[in-house]
Amino acid sequence: MTQTAAPTTGSGGTAPAPATVLVADRLVRAHAPDLSCPAADLVAGEVGRRGARPVRGALRMSAEPAGAAAATPADVPEHARGHAAVIPGSDPPAGLGAAGLSGAEHPAGDRAAREALDAWLAVAGVPRSVLLAAPRSFCAGVERAIEIVEQALEQRGSPVYVRKQIVHNTHVVADLESRGAVFVDDLDAVPEGATVVFSAHGVSPQVHSQAAERGLSVIDATCPLVTKVHTEARRFASRGDTVVLIGHAGHEEVEGTLGEAPGRTVLVETPEDAASLEVEDPERVSYLTQTTLAVDEAAEVVDALRARFPALRGPSSDDICYATTNRQDALSAIAEEADLVLVMGSDNSSNSRRLVELARRRGTGAHLVDDTGDIRPEWLAGVRTVGLTAGASAPPGLVDAVITALRGLGPLTVREYEITRETIHFTLPPQVRPS
Ligand code: SF4
């Protein structure tokens, strides 16, 4: 069922952009309770992909007698006409969660609104289930790093400078930025004497030296499990070994670890790299791994190294951290049962990307999703079971938001598979530890 809705915008707004589309998060009815629009984020994302600018607000249903007040964005024109899509038979009455509208003189916006609604209507109205992997989302190292920036802001005031993204997630960075954190790529951008936080991924000793030369007040948010790998790198190099670091070139954690023993460490990414590696003394080779690798892929590289260097030595306990391992194991438990896997996480999040790859290796289509608006309607065509997880740097609220949005498409059941409960907590560094 498609109903027509009209906007309740006042006339004092600024001139609209040509292709502004109002995506309703609430439909106001004169003689009935409002309809909430839980899938509004989904429709807004599709409107954006179709070239219009979505804005959020309420719509008054034109089929209802006029008179209800509703808040609407000021930049949607008063004369704009709208389209609302409501899923029939939902109980409680739930809309697809969306109405798009734009003025008749804005055909691009009008088309984007209609097409976005049609695309989502095409996959709405069928029962679905969500298999929720647990553990998921924030790990102890990420929670600690975020809390360090929060405490620094509270205790020292803004700005607090942060070298690189504190953790690899756009939402976390935007939130801290809005509270006074200033993210920089290089220490040169930090004023002399200012406070700077080093990110959870760790830095090389050279960066520590540069900060000392600049007289910066450093708070190190390196995850203790990354620090463990740095310590191993120094120890292995000091006993005369060639240190083989298994990891991804260019990742900040890898750059930091390489800097611990730059003359003695080589980076290896694949079994093929390992098989062709030449070292000074094949009897003296050790390996380390980036903390966020795929467990099975790292094992293949270690096997290739051991085949080439039988005397290979490694860390006493695995470098791939508990959080990476748990999230991969939890997803493994549900991936094959799902028709589609969604992994909440940003594009530069290594452990999130490994989760997507893992699901695909299990034969299930998977996508990395920064937020609900990234989900595309075509992904859900024919999908009844959605596997859902989040990388270690992705806030838990993102998962909740996806579940809410999927409920707007039709009946939804949610089942959680918890393979283990995480209780690890890292203490804050003394500089920001509350007294
Ligand atoms: S993913 Fe692992 S190594 Fe990275 S911050 Fe979290 S606990 Fe630390």
Side-chain angles (χ1 to χ4, degrees), residues 133-151 162-173 176 197-204 219-233 245-248 250-260 287-298 314-332 343-358 368 389-396 398-399 419-429 432:
R136 62 181 175 276
S137 196
F138 282 172
C139 62
V142 163
E143 284 178 341
R144 175 179 180 268
I146 294 170
E147 194 178 351
I148 285 171
V149 179
E150 290 173 339
Q151 286 292 336
V162 182
R163 183 185 176 277
K164 307 286 185 186
Q165 292 191 349
I166 184 71
V167 301
H168 285 158
N169 186 269
T170 56
H171 300 277
V172 171
V173 169
L176 291 172
V197 178
F198 290 162
S199 79
H201 311 100
V203 299
S204 67
I219 308 173
D220 191 353
T222 302
C223 176
L225 300 182
V226 175
T227 302
K228 163 187 174 283
V229 181
H230 285 219
T231 306
E232 290 164 345
L245 175 61
I246 305 169
H248 295 289
H251 191 277
E252 283 150 38
E253 180 187 324
V254 164
E255 288 176 357
T257 307
L258 285 172
E260 290 290 351
Y287 76 89
L288 298 169
T289 64
Q290 187 179 337
T291 57
T292 50
L293 297 182
V295 173
D296 46 4
E297 288 188 334
S316 52
S317 64
D318 216 340
D319 288 333
I320 297 178
C321 78
Y322 80 97
T324 300
T325 306
N326 286 346
R327 279 150 192 72
Q328 290 177 16
D329 288 348
L331 181 57
S332 289
V343 177
M344 307 310 294
S346 292
D347 201 43
N348 59 347
S349 164
S350 173
N351 78 88
S352 302
R353 293 174 69 103
R354 303 294 84 77
L355 291 171
V356 171
E357 293 166 1
L358 182 151
L368 185 63
T389 187
S393 50
L398 297 176
V399 170
I419 60 152
T420 187
R421 190 152 297 184
E422 292 178 345
T423 56
I424 291 178
H425 177 77
F426 297 131
T427 56
L428 295 176
V432 290

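What's counted below: heavy atoms across the whole structure, side chains too, no hydrogens, waters or symmetry copies. This is a predicted model, so every value here is computed, not measured. All residue numbers refer to positions in the sequence shown, counting from 1. One-based numbering, in listed order, for ligands and for the atoms of each.
With sequence neighbours left out, the side-chain contact (heavy atoms from CB on, under 4.5 Å) criterion links Thr170 to Ser346, Asp370. Checked against salt bridge (charged side-chain N to carboxylate O under 4.0 Å, His left out), Arg163 has no partners two or more places apart in sequence or in another chain. Residues passing the salt bridge (charged side-chain N to carboxylate O under 4.0 Å, His left out) test with Glu297, sequence neighbours excluded: Arg361.
Note on ring orientation: taking the six-membered ring where Trp is involved, the planes of His251 and His201 are perpendicular (angle over 60°, cut-offs 30° and 60°).
Note that OG1 of Thr222 is 8.5 Å distant from CD1 of Ile148, once rounded to the nearest 0.5 Å.
Within ligand 1, the atoms closer than 4.0 Å to a non-hydrogen atom of Tyr322 are 7 (S), numbered from 1 in the order shown.
Distances under 2.8 Å from atom 6 (Fe) of ligand 1 pick out the protein N/O/S atoms Cys139 SG.
Two residues are said to be in side-chain contact when any heavy atoms from C-beta on lie closer than 4.5 Å; Thr324 and Arg354 fail this criterion.
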